[in-house]
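Just so it is clear, the structure is predicted and the values come from calculations on it, not from any experiment. Proteins come first, then strands; the chains are lettered A, B, ... in the order of their sequence lines, and each starts at number 1.
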There are 2 protein chains.
Amino acid sequence: MPTISNRLTRTLNIEHPILSAPMAFASGGALAAAVSAAGGLGLIGGGYGDSTWLDQEFDLAAGQRVGVGFITWSLRKSPSLLTEVLKRRPAAVMLSFGDPRPFVEEIRGAGALVICQCQNVDHIWDAIDVGADIVVAQGAEAGGHGSLRGTLPFVPEAADLLAAHSPKSMLLAAGGIADGRGLAAALMLGADGVLVGTRLWASSDALVHRRHQEAIVEANGDGTIRTTVVDIARQIPWPRGFTARVRRNAFVQRWHGRENELEQNAAIEGPRYRQAFAEGDPDNTGVWFGEAAGLIGAIEPASVIVKRMAADAADLLAGHAGTTLA
Amino acid sequence: MPTISNRLTRTLNIEHPILSAPMAFASGGALAAAVSAAGGLGLIGGGYGDSTWLDQEFDLAAGQRVGVGFITWSLRKSPSLLTEVLKRRPAAVMLSFGDPRPFVEEIRGAGALVICQCQNVDHIWDAIDVGADIVVAQGAEAGGHGSLRGTLPFVPEAADLLAAHSPKSMLLAAGGIADGRGLAAALMLGADGVLVGTRLWASSDALVHRRHQEAIVEANGDGTIRTTVVDIARQIPWPRGFTARVRRNAFVQRWHGRENELEQNAAIEGPRYRQAFAEGDPDNTGVWFGEAAGLIGAIEPASVIVKRMAADAADLLAGHAGTTLA
């Protein structure tokens with residue numbers, strides 16, 4: 001059986017060029033460890049910075065080499081969190097949604113690789129400026145927070161910029177990649193590998209309520225939307241330019257386009273949102289998945305997902321997808 | 001040198017699995033003929049239905065086998081246009097942005113292939129229902145009119161639907177595809193080929209003002225936006241759900257978000273928009289290109305673009321993009 005080997009797999013010493021996205025709340029130690037055990041590299045979701053939670057999740061991943069990811073603008077409010085986490089010797093630290101400069105030196109000093117996730121060309125320049133070991137070009141298809149660029153044209157544009165200005169930086173594609181076809185396509189676009197969110201959110205190793213996972217199995221790829229209403233309800237003030245892709249459900253239909261009104265109702269809507277989220281209500285809270293929903297038909301273990309993605313991509317690359325080269 | 005051969009190239013009897021998008025105003029007979037002469041299949045842009053213009057452009061393409069594309073909701077207002085055009089024996093007729101059902105029988109009866117361009121899953125079901133010969137899955141990255149889905153996850157979702165329900169329908173990817181990397185990626189995603197707009201808009205064969213083409217060479221992929229302001233200014237009432245991706249220029253910055261006000265000013269703004277468009281003003285009218293802008297560094301002949309895209313994709317497919325399969 002063919003396998004994929006390139007500078008990413010060699011540098012990270014992994015079997016498959018697949019990293020799991022550090023999804024806030026969903027990417028715990030069990031998911032990260034399962035991805036690493038399957039031959040990829042799992043990243044724990046640092047989210048908004050709960051050190052007790054992070055300690056617990058790193059404990060759950062004990063025995064596997066994993067990394068971690070932070071929401072950069074949030075980390076800036078509690079930078080000691082990074083210092084704490086680096087004691088757990090993560091293989092890599094991903095920074096997304098903010099200026100990476102304040103944190104790069106400390107990450108490098110601890111021997112971890114620096115991953116910068118980028119949503120537009122300006123972000124790519126920031127990543128080049130800090131000499132990121134790995135750059136993630138994240139398209140708007142992604143679940144959760146992101147921005148406007150489409151994965152397919154953004155990845156080769158990022159590849160061209162890196163080739164010209166930071167050729168040692170490796171590139172991952174993110175946003176809409178859920179199977180071997182997406183991985184093979186990402187490699188053709190000039191990426192060295194992929195960062196996978198939604199497909200692993202829909203795994204039995206993710207910290208996601210079973211009813212939310214049932215909703216993604218039922219959904220097709222049209223069933224999501226980019227919006228700010230989830231953050232307004234939770235009273236989490238995200239910087240301008242970022243929105244969250246979530247299921248287009250009753251909660252979103254009610255408030256999208258009425259953001260000011262929601263803001264005025266946040267004292268009531270916030271607790272209601274959080275309770276519905278905890279209960280796994282699929283209709284009246286944020287259900288955090290992306291357009292890859294249309295490619296997901298079952299909740300499976302992360303190990304199955306990672307190994308099948310790698311094997312299918314290698315088959316496609318070997319077999320040219322039914323195309324004959326003459 | 002390897003070349004790509006598959007069921008699309010065999011069915012259409014073309015050398016490369018590349019069709020040009022029938023861009024209103026920009027895709028005249030010269031561009032369509034150049035694409036066909038280079039080994040792809042060129043489509044003349046039927047646009048909003050000017051039969052004199054169409055006659056002239058078919059004359060310009062004389063000697064080459066070409067197709068044509070229509071804006072379906074507009075064609076419905078002047079269906080005799082289709083009857084006229086079918087006398088020119090187009091190889092294929094593409095229908096986009098509306099219900100294809102009223103036109104399919106007449107197209108088939110004239111011996112042309114039916115191409116249905118789709119922007120979401122409901123449209124794919126329409127295409128399945130009419131047994132489209134070719135289905136285009138068009139992502140939001142595309143220049144000009146389109147909708148919300150991202151190309152990368154939408155194409156494999158469309159491929160799965162067609163495999164299950166209309167396996168004889170062939171699939172093209174559209175939106176953000178400008179070079180061999182995009183074509184190779186599209187094939188990996190399950191497409192049989194690609195429909196190329198923006199990259200050929202930026203060709204010396206397109207009916208596009210030179211100053212608008214200079215603007216795309218300068219732009220990166222972040223420099224576009226999906227908006228309705230171009231249609232409001234022109235007083236062309238597009239159906240809900242479709243927007244146009246254009247350059248994010250002074251005109252767009254001025255009116256995007258103030259659509260109601262623009263509507264009230266359309267009597268002044270409309271003529272002003274059209275005059276600025278005719279003059280090739282890059283700042284004060286719609287400049288119709290997509291996110292592939294970030295992959296375009298020069299205005300070149302369509303023949304160069306098509307042949308290089310095909311050759312580069314074949315090289316990538318043969319060489320696995322630096323990936324070794326072990």
Go through the atoms of B:Glu141 and report whether side chain, backbone, both or neither lie under 4.5 Å from a heavy atom of chain A.
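Contact with chain A involves the side chain of B:Glu141 alone.
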
So what's closer than 4.5 Å to chain A heavy atoms on B:Asp122: side chain, backbone, both or neither?
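For B:Asp122, the backbone is the part near chain A, not the side chain.
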
To the nearest 0.5 angstrom, please state how far the [atom1] atom of [X] sits from the [atom2] atom of [Y].
| X | Y | atom1 | atom2 | value |
| --- | --- | --- | --- | --- |
| A:Leu295 | B:Leu152 | CG | CG | 9.0 Å |
| A:Leu148 | B:Arg248 | CG | CZ | 6.5 Å |
| B:Ile124 | A:Asn220 | CD1 | CG | 10.5 Å |

Considering all heavy atoms of both residues, which atom of [X] and which atom of [Y] are nearest to each other, and what is their separation?
| X | Y | answer |
| --- | --- | --- |
| B:Ala184 | A:Met188 | CB-SD, 3.5 Å |
| A:Ala159 | B:Arg181 | CB-NH1, 4.2 Å |
| B:Asp222 | A:Val121 | OD2-N, 2.7 Å |
| A:Gly176 | B:Pro153 | O-CB, 3.7 Å |

Looking at A:Gly290, A:Ala292, A:Ala185, which one has more heavy-atom pairs under 4.5 Å with chain B than the rest?
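Option with the top pair count is A:Ala185.
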
Selection from A:Asp160, A:Val155, A:Leu183 maximising heavy-atom pairs under 4.5 Å formed with chain B
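Sorted descending by pairs with chain B, the first entry is A:Asp160.
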
